[in-house]
Number of protein chains: 2
Amino acid sequence: METKGGFYITQIKQLQGRIFERLLIENGIEISGGQGRILFILWKRDCLTVSEISRETSLAKNTVSIIVDGMVKKNILTREINPVNRRQTIISLTEYAKSLREKYEMVSQQMNALFYEGFTPDEQQEFEGYLARILKTLTEIENKEKKCKKTQ
Amino acid sequence: METKGGFYITQIKQLQGRIFERLLIENGIEISGGQGRILFILWKRDCLTVSEISRETSLAKNTVSIIVDGMVKKNILTREINPVNRRQTIISLTEYAKSLREKYEMVSQQMNALFYEGFTPDEQQEFEGYLARILKTLTEIENKEKKCKKTQ
DNA sequence: TTAAAATAGTTCTATATAGAACAATTTAAA
DNA sequence: TTTAAATTGTTCTATATAGAACTATTTTAA
């Protein structure tokens with residue numbers, strides 16, 4: 001069977017990212033895609049380590065580190081060493097970041113409406129169920145690979 | 001309703017990309033994700049313009065231009081001006097690129113198997129149907145935006 | 001209790017990605 | 001036919017992204 005799920009996913013990610021960023025700018029929010037993903041996680045639960053953010057966003061650890069850099073410079077996040085475990089860096093939201101949340105979520109909803117145009121709620125739910133399954137599979141594969149690497 | 005299709009898509013794209021690249025390297029194929037997407041299109045139909053590749057991959061035109069640059073340097077593609085319409089650049093596969101196809105597609109199949117682990121053929125088909133619908137919607141949105149911009 | 005292993009982050013390097021501005025060419029309109 | 005508009009690519013700049021190698025800590029084991 002000729003399938004192209006991966007190709008579709010990449011294309012959708014591309015388009016979606018560009019459209020969402022324009023929508024954000026139109027609404028006066030200067031937050032890029034990568035930054036938005038980190039905020040999305042931190043708005044749910046503040047004060048996470050770099051590794052936790054990496055896990056939740058599926059971004060590589062060093063990528064998170066770099067994006068956080070930029071966000072600290074823009075006064076969106078703060079960085080501090082965890083005194084209890086000094087290997088860890090705790091990333092927290094600034095007041096400014098907290099103030100962005102409501103507006104950002106409104107734009108997210110707009111984006112969502114575009115994304116799921118023509119979908120019934122049931123279809124949406126089913127589709128997201130599939131996505132969640134794939135995400136789980138791929139996450140497990142990557143974790144397994146990491147373990148193998150260590151054993152070598 | 002709280003949905004997060006876009007977030008899932010981005011995460012899956014990330015993971016999938018990393019896993020696929022490792023798989024390619026393990027199989028001795030030195031082709032990156034972005035390069036693979038352009039090859040995927042050109043293997044189906046050779047000798048396309050930059051704009052056509054941009055349309056088929058959903059990559060921005062300038063992104064295609066840059067990635068093609070790298071691939072020309074690596075003797076994967078050739079670039080030549082279309083004598084009939086000298087604004088256009090025709091991108092073609094080299095013999096080397098053609099020789100990579102079979103192996104690349106084998107790895108793609110492996111990746112596919114991982115991606116769809118636990119999916120029945122019907123589920124796969126349904127899922128890809130959803131993806132195709134979303135891709136269509138987003139493509140239309142972006143094209144509309146481009147038109148609006150011109151009118152301004 | 002000290003040496004080895006594991007964990008957490010960062011830096012370095014390279015590619016991917018896109019917006020804005022631009023140059024070259026072709027097409028449409030006056 | 002000559003000028004304005006549209007099309008096609010590229011360059012410039014900035015951010016996103018990840019692998020590899022590294023430093024600093026903490027944990028484990030001998």
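A note on names: the letters A, B, ... follow the listed sequences, proteins ahead of strands, and every chain is numbered from 1.
- A salt bridge does not link Glu140(B) to Lys144(B): none of the charged nitrogens lies less than 4.0 Å from a carboxylate oxygen.
- Judged purely by atom type and a 3.5 angstrom limit, Ser58(A) has no side-chain atom pairing as donor or acceptor with the backbone of Ser54(A).
- Closest approach to the Val50(A) side chain among dT10(C), dA16(C), dT10(D) is made by dT10(C) (side chain taken as heavy atoms from C-beta onward).
- Across the protein-nucleic acid pair, Arg86(B) atom CZ and dT27(C) atom P stand 12 Å apart, rounded to whole Å.
- Each of Leu15(A) and Asn62(A) lies near DNA chain C, and the nucleotide nearest Asn62(A) is the one positioned closer to the 5' end.
- Thr63(A) comes within 4.0 angstrom of a base, heavy atoms only.
- Distances shorter than 4.0 Å separate none of the side-chain N or O atoms of Arg37(A) from OP1 or OP2 on dA16(D).
- Computed from coordinates, the Asn85(A) CG to dA24(D) C1' distance equals 11 Å when rounded to whole Å.
- Counting any heavy atom pair closer than 4.0 Å across all strands shown, Ser51(B) reaches sugar-phosphate atoms only and no base atom.
- Among the protein residues, Ile66(B) comes within range of the nucleic acid bases, having at least one heavy atom under 4.0 Å from a base atom.
- Comparing Ser32(A) and Glu21(B) by the nucleotide of DNA chain D whose heavy atom lies nearest to each, the residue mapping closer to the 5' end is Ser32(A).
- Atom-to-atom, CD1 of Ile90(A) to C1' of dT25(D) comes out at 14 Å; the value is rounded to the nearest Å.
- Comparing atom distances between the Asp69(A) side chain and each of dT11(C), dG9(D), dG9(C) picks out dT11(C) as nearest.
- In this structure, CD of Gln88(B) is placed 21 Å from P of dA23(C), rounded to the nearest angstrom.
- Ile91(A) and Ile66(A) end up in different hydrophobic clusters when Ile, Leu, Val, Met, Phe, Trp and Tyr side chains are linked at under 4.5 Å.
- Gln35(A) comes within contact range of the sugar-phosphate backbone alone, with a heavy-atom separation under 4.0 Å but no base atom that close.
- One atom, NZ of Lys61(A), and another, P of dT23(D), lie 15 Å apart when rounded to the nearest Å.
- Close to dT7(C), at under 4.0 Å from its OP1 or OP2, lies no side-chain N or O of Arg87(A).
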- Assess whether ring-ring contact (aromatic ring centres under 6.0 Å, His included) is satisfied between Phe20(A) and Tyr104(A), documenting all intermediate values. CA-CA 11 Å; Phe20(A) 190 42; Tyr104(A) 186 94; 5.7 Å; yes

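- In this entry the distance linking CD1 of Ile19(B) with C1' of dG19(D) reads 15 Å, nearest Å.
- Side-chain N or O atoms of Asn85(B) include one that pairs as donor or acceptor with a backbone N or O of Arg87(B) at under 3.5 Å.
- Atom pair Arg18(A):CZ and dG19(C):P shows a separation of 6 Å (rounding to whole Å applied).
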